[in-house]
Amino acid sequence: MINFGKVLLRKSQISLDDIRKFMSLPIDSTDEDIPIYSYDENIMSTYDLEQSIKHIPLKDQVIHSIAHIEYNAMKSYIDTLVRFINQVPAQFQKEFKEELGQIAYEEFCHFELITQLCKYGSQPVHNNLQKRMILTMDSLLGRIAVLSIVNEGRGMDTGLNLIQKLDGDNKYEKVIKKIVQEESNHVRIGLKWFELLCKDQNPQENFITLMNNYQIPKNWKINVQKRKQVGFSDEWIKCLQNWS
C-alpha cells in the first residue's frame, strides 16, 4: 500500500482533495524511509532574508511570512502523523490521527486564506521551522513540544501584535484574527497530547529538558491570559516564564 502521507511530504503543491484523502486513509509508518518536506522557494538565512526584503512594504512582508508559517505547519503535522503514529499507544491512535489530521486541514485552509492576499514564493523564505522538524525527527514528545507548545504557542502569544504592522488594513486584520483564534485550539490539543505522552513523568520538567537539549530559547513574551485559556496550569505558566 502506498503511504499517501509520504507522497504529500514530497509534493510542493498540495490541494484540498489531497488533505481530505490523507485524512481518510490509514497511516502506515512501519518503514523508516520518511522524507523531510522540502521547498521550491528561494531559501535564505534569516539575516540574508531580512536584507533582501527591506525594500518590500512591512505589511507585505508580514503576510508572506504568515503564509510561510502556515505552509510549514501543514507539512509539519502531516510529517508528525506519518513519522510517529505507531509510537502513540494503540488505544489513542485513532484520536491522535483525527485531531492532528484536522489541524493539518485547518493549517491548509489558513494557507489558502493567506495566499489570497499574497503570492507565496514571491519573496525568499527561511527554513528555520523546517530545521526544528529535523531536530525532532527522533522524538514524538520533542516534536509535540516544539510544534505545538513552542511554534504554535508563540503564534498564539504574539499573533495579535502583528495587527499593529498592517497599517490599519481591515482585510488583512480579519484574516489574522481568524487564524490566531483557530491556532489557540491547536495549542490546546498539543498540550493535551504532550501531557498524555509524558505518562507518569513531570511534563514541565520534560519540556525544559527538551528545550535545553534542542537549545531553543524563548525570545518572546508569554501571553499568560491566552495560555490559561487553552489549559496551561499555574505550574506550566511558571515553567514557561522561567524558560530562557
Side-chain angles (χ1 to χ4, degrees), residues 62 65-66 68-70 72-74 76-77 80-81 84 88 92 95-96 98-107 109-111 113-114 128-129 131-133 135-136 139-166 173-244:
V62 169
S65 174
I66 294 172
H68 186 56
I69 289 169
E70 299 304 322
N72 274 272
M74 171 187 63
S76 296
Y77 279 106
T80 300
L81 282 169
F84 295 112
V88 177
F92 298 121
E95 183 181 1
F96 187 78
E98 288 175 350
E99 292 192 344
L100 267 67
Q102 179 64 29
I103 294 176
Y105 168 77
E106 290 175 2
E107 300 291 8
C109 292
H110 295 167
F111 178 72
L113 195 61
I114 287 288
N128 295 344
L129 298 172
K131 287 179 179 178
R132 288 187 175 181
M133 296 304 98
L135 197 63
T136 56
S139 170
L140 171 56
L141 203 58
R143 173 63 62 87
I144 296 295
V146 171
L147 180 55
S148 300
I149 298 176
V150 176
N151 292 357
E152 297 252 46
R154 178 176 180 172
M156 180 186 71
D157 290 333
T158 65
L160 294 180
N161 296 338
L162 293 174
I163 291 175
Q164 300 173 12
K165 301 179 180 180
L166 298 178
E173 288 182 14
K174 185 177 179 180
V175 170
I176 298 297
K177 286 179 179 178
K178 174 179 172 59
I179 289 175
V180 170
Q181 181 181 10
E182 294 184 356
E183 299 288 359
S184 296
N185 192 48
H186 301 175
V187 180
R188 185 195 311 275
I189 291 170
L191 175 63
K192 179 190 92 170
W193 284 108
F194 184 81
E195 292 187 330
L196 187 151
L197 293 167
C198 279
K199 300 178 182 177
D200 297 328
Q201 298 174 321
N202 182 289
Q204 294 84 29
E205 290 180 3
N206 263 355
F207 176 79
I208 293 298
T209 297
L210 288 164
M211 294 306 102
N212 289 338
N213 289 344
Y214 297 142
Q215 298 183 333
I216 296 177
K218 181 190 68 182
N219 50 12
W220 74 96
K221 185 177 179 180
I222 297 297
N223 187 322
V224 173
Q225 181 180 3
K226 288 275 187 187
R227 292 282 179 164
K228 286 188 173 182
Q229 285 174 353
V230 300
F232 284 84
S233 65
D234 290 340
E235 290 79 10
W236 265 112
I237 298 299
K238 183 178 179 181
C239 165
L240 294 173
Q241 289 178 328
N242 290 337
W243 162 39
S244 59

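The basis for the numbers below is simple: all heavy atoms, side chains too, and nothing from hydrogens, waters or symmetry mates.
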- Query: Are any of the side-chain heavy atoms of Leu147 and Thr80 separated by less than 4.5 Å?
  - Reply: yes

- Note on the structure: Tightest non-hydrogen contact, residues Phe194 and Pro203, listed as CE2-O, 3.3 Å

- Message: Working to the nearest 0.5 angstrom, can you tell me the gap between Lys131 NZ and Asn72 CG?
- Response: 12.0 Å

- Item | Rounded distance [0.5 Å steps], OG1 in Thr136 versus CD1 in Ile216 | 8.0 Å

- OG of Ser76 to CD1 of Ile103, rounded to nearest 0.5 Å, is 11.5 Å

- Message: Give me the atom names and distance for the closest heavy-atom approach of Leu210 to Ala145.
- Response: CD1-CB, 4.1 Å

- Task: Could you please spell out the steps behind the side chain to side chain contact (heavy atoms under 4.5 Å, CB included) verdict for Val150 and Met211?
- Result: CA-CA 9 Å; Val150 176; Met211 294 306 102; 3.6 Å; yes

- Query: Side chains of Gln102 and Glu106: do they bring a donor and an acceptor to under 3.5 Å?
  - Reply: yes

- Taking the side chain as C-beta and beyond, is there a heavy-atom pair between Phe96 and Leu81 under 4.5 Å? yes

- Mind checking the CD1-CZ spacing from Ile179 to Phe111? Nearest 0.5 Å is all I need. 11.0 Å

- Minimum-distance pair of heavy atoms, taken over all atoms of Gln204 and Ser233: NE2-OG, 4.2 Å

- Query: Taking the side chain as C-beta and beyond, is there a heavy-atom pair between Trp236 and Leu191 under 4.5 Å?
  - Reply: yes

- Please check if atom CD in Gln229 has more than 12 non-hydrogen atoms from other residues, nucleotides or ligands closer than 6.0 Å. yes

- Item | Side-chain heavy atoms of Thr158 within contact of Lys221, under 4.5 Å | no

- Message: Looking at every non-hydrogen atom in both residues, tell me the closest pair between Met133 and Arg143 and how far apart they are.
- Response: O-NH2, 2.8 Å

- Query: If you round to the nearest 0.5 Å, how far is CD of Glu107 from CD of Glu152?
  - Reply: 4.5 Å

- Trace of the side chain to side chain contact (heavy atoms under 4.5 Å, CB included) decision for Leu140 with Trp193: CA-CA 10 Å; Leu140 171 56; Trp193 284 108; over 6 Å; no

- Stepwise side chain to side chain contact (heavy atoms under 4.5 Å, CB included) test for Cys239 and Phe207: CA-CA 9 Å; Cys239 165; Phe207 176 79; 3.9 Å; yes

- Item | Where Gly159 and Val180 come nearest, the two heavy atoms and their spacing | CA-CG2, 3.7 Å

- Task: For Arg227 and Asp157, run salt bridge (Lys or Arg N to Asp or Glu O under 4.0 Å): C-alpha distance rounded to whole Å, both residues' side-chain angles, the deciding distance at 0.1 Å, then the answer.
- Result: CA-CA 8 Å; Arg227 292 282 179 164; Asp157 290 333; 2.8 Å; yes

- Could you walk me through whether Cys198 and Leu141 pass the side chain to side chain contact (heavy atoms under 4.5 Å, CB included) check? CA-CA 7 Å; Cys198 279; Leu141 203 58; 4.0 Å; yes

- Within a strict 4.5 Å, meaning less than it, do heavy atoms of the Ile144 and Phe84 side chains meet? no

- Task: Give me the one residue out of Glu183, His186, Arg132 that meets side-chain hydrogen bond (donor to acceptor under 3.5 Å, both in side chains) with Asn151.
- Result: Arg132

- Message: Quick check for you: to the nearest 0.5 Å, what is the distance between Lys238 atom NZ and Gln241 atom CD?
- Response: 10.0 Å

- Message: Is it the case that the side chain of Lys218 and the backbone of Leu240 share a donor-acceptor pair, with hydrogens and angles ignored and the cut-off at 3.5 Å?
- Response: yes

- Query: Are side-chain heavy atoms of Phe92 and Leu197 found at a separation under 4.5 Å?
  - Reply: no

